[in-house]
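As structure tokens, the structure follows; a few thoughts come after it.
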Amino acid sequence: MSTLNPSTDVPTLDDIRAAAARIAQHAQVTPVLQSSSLDRIAGCRLHFKCENFQRVGAFKFRGAANAVFGLSEAQAARGVLTQSSGNHGAAIALACRLRGIPARVVVPRSAPKIKLAAIRDFGAEIIPCDTHQAARDAAMAEALAATGAEVVHPYNDARVIAGQGTATLELLHRVPQLDTVLAPVSGGGLLSGTAIAAQSLKPGIRVFGAEPAQACDAHDSLKSGTRITGRIANTICDGLRAELGTLTFAILSQRLDDILLASEAEIIAAMRLIWERLKIIIEPSCAVPLAVVLNNPQLFAGREVGMILSGGNVDLDALPW
């Protein structure tokens, strides 16, 4: 059973290692790919941690599995409630199915069909809501009052953050010479886990977040020193429309080198490059790290750069080219 307080504790490297042990029999150890042509374009050595090959097609399964399999029997008996634009919901649904407990997921009606189908296929109950954060929170509160389920927040949850950090644990084990790590940022769970794991294993390593310019609340929050909420994001990156939580804001405020921004056109171009050069399918959200590296060559020239490719659940009926 996990001993972390979900809403207040900052996970440590020991918590991330415990998460790795807890999810080992359920999660995939995903590959790290390289491309000499992308290295030449970027002017640095790029190491892509391919979480698009993770179960449910996204890194989200790591945090979901750590949270679900860390529940006590009494907690698990009440089932799990969460909110998600898609990938976390599918991850919770699968983890709950594996544990044999019910899952309920609050999902915005704008979520891609492929992600909605995955949540249903894994057996979760879908609770639809409007896209903005206030609507998600209201639907969550109503469902919680009705069910008494155990809430597993998609990012503002220490158990989830620890689980997401296991991707960087694997990455640095595979490529110990890294001096820079990047991950996309939305609610901040992946980036928080990435920063804790990377800096604990290798003090002095640089950690950057990557965010769409049209959904830059995390960037602006850290620059202003105040968590910004209530904005309506307008980006192709459906997985990057959430806002930082109280826990992730506190972690990232202390640990990040910076959050770098990319335009919609730059994100689409980077996504296409990865499809063409690595021969893998990724979704727009996880093209943002490559886009910001290409935007800022002076920051990354000659570096050993690891980046988390966060997921591959793209709607093939709505490709942006």
Side-chain angles (χ1 to χ4, degrees), residues 1-2 6-7 22-23 26-27 51 54-161 163-164 186-187 189-190 238-243 245 283 285 310-315 317-318:
M1 189 180 90
S2 174
S7 59
R22 185 175 291 118
I23 70 176
H26 306 291
E51 288 296 292
Q54 186 54 261
R55 294 184 78 169
V56 311
F59 76 94
K60 292 283 191 178
F61 184 70
R62 295 175 181 273
N66 187 50
V68 168
F69 286 97
L71 296 176
S72 68
E73 290 302 322
Q75 290 171 317
R78 298 195 298 270
V80 171
L81 171 67
T82 195
Q83 58 176 283
S84 171
S85 61
N87 286 339
H88 174 72
I92 286 289
L94 175 56
C96 286
R97 191 184 77 180
L98 292 171
R99 184 154 182 185
I101 61 177
R104 299 172 181 86
V105 186
V106 172
V107 184
R109 294 183 181 88
S110 60
K113 291 179 181 178
I114 185 175
K115 296 183 178 182
L116 286 168
I119 296 170
R120 288 194 187 96
D121 288 347
F122 291 128
E125 175 189 344
I126 290 179
I127 302 169
C129 70
D130 289 338
T131 299
H132 57 279
Q133 190 65 44
R136 297 190 196 192
D137 292 342
M140 280 280 290
E142 184 177 343
L144 180 61
T147 65
E150 177 71 13
V151 173
V152 176
H153 196 276
Y155 49 87
N156 204 54
D157 186 307
R159 303 163 298 184
V160 170
I161 293 168
Q164 316 307 27
S186 180
L190 173 62
D238 61 273
L240 302 183
R241 294 173 183 161
E243 57 199 27
E283 59 190 88
S285 298
S310 51
N313 295 315
V314 63
D315 184 354
D317 292 325

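Using a distance-only test at 3.5 Å, with no hydrogens or angles considered, a donor-acceptor pair links the side chain of R55 to the main chain of H26. A donor-acceptor distance shorter than 3.5 angstrom exists from the side chain of Q75 to the backbone of S72, with no hydrogens or angles considered. Between the side chain of Y155 and the backbone N or O of E243 there is at least one donor-acceptor pair closer than 3.5 Å.
Salt-bridge check for R159 with E150: passed, with a basic side-chain N closer than 4.0 Å to an acidic carboxylate O. Look at R109 and D130 and you find a salt bridge, because one of the NZ, NE, NH1 or NH2 atoms lies within 4.0 Å of a carboxylate O, short of that distance. The pair E51-R62 meets the salt-bridge criterion, with a side-chain N (NZ, NE, NH1 or NH2) lying under 4.0 Å from an Asp/Glu carboxylate O. A salt bridge is defined here as a Lys NZ or Arg NE, NH1 or NH2 lying under 4.0 Å from an Asp or Glu carboxylate O, and K115 with D238 meets this definition. One finds a salt bridge joining R99 and E73 here, because a Lys/Arg side-chain nitrogen approaches an Asp/Glu carboxylate oxygen to under 4.0 Å.
Judged by a 6.0 Å distance limit and a 45° cone about the ring axis, R22 is not positioned over the six-membered ring of F69.
The side-chain heavy atoms of L190 and I161, taken from C-beta on, include no pair separated by under 4.5 Å. Contact annotation: the side chain of R241 never approaches that of S186 to less than 4.5 Å [non-hydrogen atoms, C-beta and beyond]. Contact check for I126 versus L116: side-chain heavy atoms found under the 4.5 Å cut-off. Residues V56 and F122 form a side-chain contact, since some pair of their non-hydrogen atoms from C-beta on lies under 4.5 Å apart. Looking only at side-chain heavy atoms (C-beta outward), Q83 and P154 come within less than 4.5 Å of each other. The shortest distance between side-chain heavy atoms of V151 and T82 does not fall below 4.5 Å. Between R136 and V107, the closest side-chain pair of non-hydrogen atoms is not below 4.5 Å.
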_side-chain contact (heavy atoms from CB on, under 4.5 Å) between L81 and I92, worked out_ = CA-CA 9 Å; L81 171 67; I92 286 289; over 6 Å; no

*Starting from the C-alpha separation in whole Å, work towards a yes-or-no answer on side-chain contact (heavy atoms from CB on, under 4.5 Å) for V80 and L71.*
CA-CA 10 Å; V80 171; L71 296 176; 3.7 Å; yes

*Might you work through the side-chain contact (heavy atoms from CB on, under 4.5 Å) test for F59 and Q54, ending with a clear yes or no?*
CA-CA 6 Å; F59 76 94; Q54 186 54 261; 5.8 Å; no

*Derivation and outcome, side-chain contact (heavy atoms from CB on, under 4.5 Å), residues M140 and H153*: CA-CA 10 Å; M140 280 280 290; H153 196 276; 5.7 Å; no

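The minimum heavy-atom distance linking I101 with A76 is given by the pair CG2-O, 3.4 Å. Minimum heavy-atom separation, A124 to A93: CB-CB, 3.6 Å. Across G187 and A242, no two heavy atoms sit closer than the pair N-CB, 4.0 Å. Heavy atoms only, all atoms of each residue included: A58 and N313 are closest at CB-ND2, 4.3 Å. Here the shortest heavy-atom pairing between P102 and C96 reads O-SG, 4.0 Å.
The distance from atom CG of N66 to atom CG of D157, rounded to the nearest 0.5 Å, is 9.0 Å. With rounding to the nearest 0.5 Å, the separation of CD in E142 from OG1 in T147 is 10.5 Å.
Take D121 and apply the salt bridge (Lys or Arg N to Asp or Glu O under 4.0 Å) test, not counting sequence neighbours, and it matches no residue.
Between N87 and E283, the side chains place a donor N or O and an acceptor N or O closer than 3.5 Å (distance only, hydrogens not considered).
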